[in-house]
Amino acid sequence: MERYFLQLLQNYNKKSLRKSLAAHLGDANRFVDFSLSSGQLLLDYSRTSMDRQTLSSLLEMAKKSAVCVERDRLFRGDRVNFTEQRPALHMALRSDQVLGNLAADTVERIRQSRDNMRTHARAFAQGHLPEEQAERVRHIIHIGIGGSVLGPRLLIDALGRNESPSVHFLSSVDAHKRVDLLARLDPAETIVVVVSKSFKTGETLLHAQRTLQWLEVSLGREQALRRIFAVSGNQQAVDTFGVPRANTFYLPDWVGGRYSIWSAVSLSAAAVMGEDAFQQLLDGALEMDRHFQTAEIDRNLPVLMALTGIWHRNFCGYPSQAIIPYDHRLRSLPAYLQQLVMESNGKSVDSSGQLTGYDTTPVLFGEAGTDAQHSLFQMFHQGTDVVPLSFIGVICPDHEDDEAHAVLLANMLAQATALATGTGGLASPEPADIHRQMTGERPSEIILMDKLSPHTLGQLLALYEHKVFVESVVWNINPFDQYGVELGKVLADTIQPALQDSEHCVPEGYGLNAILEYIQKKGR
Ligand code: F6P
């Protein structure tokens, strides 16, 4: 199916379809033709070099790449995760209709898990264990990594409203944070939520063991186990670890880690944002699912966003992309999207087992504005690489300082304009000094949310999920596996003994023995 994609790429190489970006902005219809809204989200992709002909070629390519057919297979529960032979049905966590495609016992299990999550989130929000009002909960230690932490962290930063319980995240295996944290907390007021789909992830299990020991030392084994919870798809490993079944939440294998924000993985976040707000998040995502499923391809937000990404990556050859949310509450969004995008589409082998021969996902990175303006933007304006930007703004803030908000949005729009037009395109004369000149012609898209609410955040995250899916269809790769992260984990297990025992060497082929010797000399 990527034949059409390749054909278009080749044609593009022969005959440039690119037109000056700044020139596009002079077109009075540009915004109307190159923007689209759905629900409370707007995508403005007018500051790109795509023209009408380019766009229609890309849309044709999307049609011929069977984007709609693949989308329907995704929602139907076909085994779109073809390397692991399973469906990718995270949408079932927000849609009873999609859930209905599954076996009755699975449906029952998911519903129970959802109800259970609500009951627990409510009790934790009220400051106690479920049905045990005397057992206080003021702190939640959430242990997990990758998709088992990035979603809940984003939700709490964006939508957390309750002061208590406070949630503390332990992810990287680095013990500094854990040691500091446990020294400050009272085990009798703390619960531990261990989130791991596999329940095999080294970092998570190490933190979980140490934290359980900490509970046990103060409270004894029985009380400690009442304060530890697990969210996992590996019941056997959870049993072996010792978490009681009543404290365990089920995570099905057809929900990938980076798509698990909609599940009990977000238990601690639901306690902080409120169970109703969590439901609104799911409803917002469901609204985007329906849009993706029903909107015409040329009025379909995930499709248009994906085509913009493909245009920049494959046709313009830009190696990276920056996500710049102009809202402090969305400061964790770049990290969340990094995993979603790069772990999903960081692949170079296609569905037939051949090397793709074309580029797939760009490097994604970002930071909230205007902080980013004072660190990243110099390179964006004058660096040798062009970095397409995604600006994400919120029209109505949740504070009363209208002036500050106007300054914030003005900065976002100013940056988008300056990147597009450069110094030459502005009314004032181009500076004579070449060091002060900016070439412009640097593309960006703007995503505007009417407000930041659970509903709009749900829409936004589902938009990105589907955008990643559409890109994967055009690139003919599997966005739902992540074998690339395995090798490093295996090697770490073989290297660790050499760090703790100077008699232990690693194979010569690692090229590590000299640096290991250095570390051993310097270490305690
Ligand atoms: O980084 C690899 C990965 O498997 C991610 O996909 C996942 O989100 C993370 O590790 C954590 O995995 P688990 O939830 O199984 O501990």
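Read the numbers this way: they start at 1 and go in the same order the structure lists the ligands and their atoms.
Per-residue contacts place Ser196 under 4.0 angstrom from the following atoms of ligand 1 (heavy atoms of the residue considered): 13 (P), 14 (O), 15 (O), 16 (O). Counting the atoms of ligand 1 from 1 in the order shown, those under 4.0 Å from a heavy atom of Thr201 are 12 (O), 13 (P), 15 (O), 16 (O). Near Gly146, meaning under 4.0 Å from any of its heavy atoms, are these atoms of ligand 1: 8 (O).
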Exercise. Apply side chain to side chain donor-acceptor pair (under 3.5 Å) to the pair Thr360 and Asn345, showing each step before the final yes or no.
Key: CA-CA 7 Å; Thr360 58; Asn345 283 345; over 6 Å; no
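The distance between the ring centers of Phe124 and Phe229 falls below 6.0 angstrom. In summary, the aromatic rings of Tyr358 and Phe5 are positioned with their centroids under 6.0 Å apart. Within the 6.0 Å centre-distance limit, the rings of His466 and Phe75 are counted as a close aromatic pair.
Of the candidates Val265, Ile145, Asp481, Ile145 brings a heavy atom nearest to atom 9 (C) of ligand 1. In this structure, of Val194, Val485, Leu205, the residue bringing a heavy atom nearest to atom 2 (C) of ligand 1 is Val485.
Distance check: Glu445 CD to Ile392 CD1 gives 8.0 Å after rounding to the nearest 0.5 Å. Remark: Asn81 CG to Asn478 CG distance equals 4.5 Å, nearest 0.5 Å.
When only interatomic distances are considered, the shortest N/O to N/O separation between Phe199 and ligand 1 does not fall below 3.5 Å. Every N/O-N/O distance between Lys489 and ligand 1 stays at or above 3.5 Å.
Distance from atom 3 (C) of ligand 1 to its nearest protein heavy atom, with residue and atom name: Glu343 OE1, 4.2 Å. For atom 8 (O) of ligand 1, the nearest protein heavy atom (residue, atom name, distance) is Gly147 N, 2.7 Å. When only non-hydrogen protein atoms are considered, atom 15 (O) of ligand 1 lies nearest to Ser198 OG, 2.6 Å.
Aromatic ring pairs are classed by plane angle as parallel below 30°, tilted from 30° to 60° and perpendicular above 60°; the pair Phe469 and Phe292 is perpendicular.
Residue-level proximity to ligand 1 for Lys197 is carried by backbone and side chain together, each with a heavy atom below 4.0 angstrom.
Ligand 1 lies nowhere less than 4.0 angstrom from a heavy atom belonging to Lys200.
Contact detail for Leu89 and Gly77: the closest heavy-atom pair is CD1-CA, 3.7 Å.
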